[in-house]
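Structure record follows, encoded as structure tokens.
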Number of protein chains: 2
Amino acid sequence: MKWGTYLRESKQVDGNMYAKNCPSRQVLDRIGDRWSVLVVAVLRGGPRRYGEIAATIEGVSQKMLTQTLRALERDGLVTRTVHATVPPRVDYELTGLGRSLLGLVAALENWAYTHMGDVLAARDAYDAR
Amino acid sequence: MKWGTYLRESKQVDGNMYAKNCPSRQVLDRIGDRWSVLVVAVLRGGPRRYGEIAATIEGVSQKMLTQTLRALERDGLVTRTVHATVPPRVDYELTGLGRSLLGLVAALENWAYTHMGDVLAARDAYDAR
DNA sequence: CTGCATCCTTGCTGATACTG
DNA sequence: CAGTATCAGCAAGGATGCAG
């Protein structure tokens, strides 16, 4: 079953994290997105142009970046500002809601740097068997 | 490019979160996994049998659950204990490393419940255009 | 510069059936 | 009970070309 299905089926909050329609799952879906967290992290430093974000995040395709930015915009986490210049210039910036995620992102980053060695060691040990 | 590729290509830490081989990305990959976080949350309450986990998490298939548990075990987040009884009984339990993730999971959950209303409202507003 | 449209490949995912 | 094996369907993601 896909997440799109969950969203279509219900938007209600039922308080059970393990239920299909739980908002936690929907948030997990966004956080879990491979690029969303990285984009939010980039925007931590203030507004950024499309090209700047693309240049900062290695390995993201144009398609995925645009798709991710649209999703973040839809969820009210970032704003998109188009400047009517030639060539066009588009700025993305975190909203208040988006900034409320920064603590989480920092915690995620922190856990990663703190425990990555353990995880890699565990993987090596597991694979050695 | 897939994550598997990253892991194969390099296991080094380079300190740049936006670089392809950054450990942050590898951790994000696991956190980002649809089921990993839910499984860790279930195991918060202590050891659980395979069937208990399956019954708690709605919508997870047997295949995905097994796959998720194996990945968590490989990463050193969960231990798997097989009891030689008939019928067999398999318990899963968080390791110390796994428990170090609990704060993050709680923060994630907390953000979800706190801001889900805003996100859903933003989506409605966006879709209405 | 920004980003939409299209094609195309990959592999995730769920359903089903079977085993120790 | 707790898996493994296999298969079909579909969606995610990348590459390319074009437009405003």
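Values reported hereafter were calculated over all heavy atoms of this structure, with side chains retained and with hydrogens, waters and symmetry mates removed. By convention in this document, chain letters (A, B, ...) are assigned in the order of the sequence lines, proteins followed by strands, and residues within each chain are numbered from 1.
Within the cation-pi definition used here (under 6.0 Å to the ring centroid, within 45° of the axis), B:R129 qualifies as a partner of B:Y126.
Residue B:M64 contributes atom CE, which lies 14 Å from atom C1' of D:dC10 at whole-angstrom precision. Between the CD atom of B:E73 and the P atom of D:dG3 there is a distance of 10 Å, rounded to whole Å. Straight-line distance from the CG atom of B:D91 to the P atom of D:dG3: 10 Å, rounded to whole Å. Per the geometry, CD1 belonging to B:I53 stands 9 Å off P belonging to D:dA2, to the nearest Å. As rounded to whole Å, 11 Å separates atom P of C:dC12 from atom CG of B:D33.
Contact check on B:R89 versus B:D91 returns a salt bridge, with a Lys/Arg side-chain nitrogen under 4.0 Å from an Asp/Glu carboxylate oxygen.
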Is there any protein nitrogen or oxygen under 3.5 Å from a nitrogen or oxygen in nucleotides 1-5 of chain C, and what are the pairs?
unit_1 : atom_1 : unit_2 : atom_2 : d
C:dC1  : O3'    : A:R49  : NH2    : 3.0
C:dT2  : OP1    : A:R49  : NE     : 3.2
C:dT2  : OP1    : A:R49  : NH2    : 3.3
C:dT2  : OP2    : A:G51  : N      : 2.9
C:dG3  : OP1    : A:R80  : NE     : 2.9
C:dG3  : OP1    : A:R80  : NH2    : 2.5
C:dG3  : OP1    : A:Y92  : OH     : 3.1
C:dG3  : OP2    : A:Y92  : OH     : 3.2
C:dG3  : N7     : A:Q62  : OE1    : 3.3
C:dG3  : N7     : A:Q62  : NE2    : 2.5
C:dC4  : OP1    : A:R70  : NH2    : 2.9
C:dC4  : N4     : A:Q62  : OE1    : 3.0

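Side chain of B:T95 to main chain of B:L77: a donor-acceptor pair is present (N/O by atom type, distance under 3.5 Å, no hydrogens or angles). In this structure, B:W35 contributes its side chain and B:L69 its backbone to no donor-acceptor pair below 3.5 Å. Between the side chain of A:R44 and the main chain of A:A41, a donor-acceptor pair closer than 3.5 Å is present.
Screening residues 77-97 of chain B for ring pair (Phe, Tyr, Trp, His ring centres under 6.0 Å) gives no qualifying pairs among residues at least two apart or on separate chains.
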